[in-house]
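Here's the structure we're looking at; comments come further down.
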Amino acid sequence: CIRDRVGYAGTRNTGADVRVEEMIRQFRHLLGDELVDLSIFTMDPDGSRVQQVTDLAVGNFAVPDWSPDGTRLAFSGTMDGDPEIYVVDLDGGGLQQLTVKEGIADRWPKWSQNGTKIAFESDRDGDRELFTMGVDGGNVEQLTANNGISDTEPAWSPDGLSLIHI
């Protein structure tokens, strides 16, 4: 069952719950500033049936999140140099870039429970704030405006009516 599968970003020997940004910092500490490309994989909770979802030549891919129907993943990726939000089918097809802002970091996508919105963080106003958008990348709405305070890592409430964040 697709909903019983675990999504993670990393190399084949990376654990499921490691924060990718910290992992990249550790890799860069060990390897210097050499770019480390990361891909997204799925696997069964027991570690079997590992399947690679993203197999792109460049970029780091982080913070994947399942669509409510279990058929797609939203994730942050740096294929164009800046962190942007993408969605992809589980077989790796149907890749779609949802955000396109030069010099702006869009991260931490989280699907709403009804599958109509994706919450994310962005520094498009100068510091990290929370936004939502439609699953096609349209209808972007800024939710927070806390100058000097970073609002990060959104998560939807179980009923889909509220967001929590750090």
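As a basis for the values below, the full set of heavy atoms in this structure was taken, side chains included, without hydrogen atoms, waters or symmetry mates.
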Donor-acceptor pair, distance only, cut-off 3.5 Å: does the side chain of S122 make one with the backbone of R124? yes
One should read off an interatomic distance between E121 CD and F131 CZ, to the nearest 0.5 angstrom, of 10.5 Å
Check: D44 side chain, R49 main-chain N or O, donor-acceptor pair, under 3.5 Å: no
Give the minimum heavy-atom separation between P154 and H165, together with the two atoms involved. CA-CB, 4.2 Å
Going by side-chain heavy atoms closer than 4.5 Å, which hydrophobic residues are tied to L161, directly or by a chain of links? none
Here the pair of heavy atoms bringing T99 nearest to Q97 is O-NE2, 2.8 Å
Starting at CG of D159, measure out to CG of N114 and round the result to the nearest 0.5 Å. 11.0 Å
Okay, side chain of W156, backbone of K110: is any donor-acceptor separation there less than 3.5 Å? yes
Residues T71 and S67: closest non-hydrogen pair is N-OG, 3.2 Å
Step through the shown structure and confirm whether more than 12 heavy atoms of other residues, nucleotides or ligands are within 6.0 Å of NZ on K117. no
When every non-hydrogen atom of A145 is compared with those of E129, the smallest separation belongs to N-OE1, 3.4 Å
Closest approach of L90 and G70, non-hydrogen atoms and distance? CD1-O, 3.1 Å
Say whether V140 and L130 are linked into one hydrophobic cluster, either directly or through other cluster members, by side-chain heavy-atom distances under 4.5 angstrom. no
What's the spacing between T144 OG1 and D125 CG if we round to 0.5 Å? 7.5 Å
For the side chain of D82 and the backbone of G103, is there at least one donor-acceptor N/O pair under 3.5 Å apart? yes
Could you tell me if the side chain of D106 sits less than 4.5 Å from the side chain of P83, heavy atoms only? no
Kindly compute the distance separating CD (E153) from CD1 (I166), expressed to the nearest 0.5 Å. 4.0 Å
Would you kindly confirm whether M79 and L73 end up in one hydrophobic cluster when ILVMFWY residues are joined by side chain heavy atoms under 4.5 Å apart? yes
Note, I118 side chain near V135 side chain (heavy atom, < 4.5 Å): yes
Under 3.5 Å, side chain of D123 to main-chain N/O of A105, donor-acceptor pair present? yes
Search all heavy atoms of W111 against all heavy atoms of W66 and return the closest pair with its distance. CD1-O, 3.0 Å
In Å and rounded to the nearest 0.5 Å, what is the CG to CG distance from D151 to L143? 9.5 Å
Is the backbone of G77 close enough, under 3.5 Å, to the side chain of E84 for a donor and an acceptor to pair up by distance? no
At what distance, to the nearest 0.5 angstrom, does OG of S76 lie from CD1 of I85? 4.0 Å
Can any side-chain N or O of D89 pair as donor or acceptor with the backbone N or O of D91 at less than 3.5 Å? no
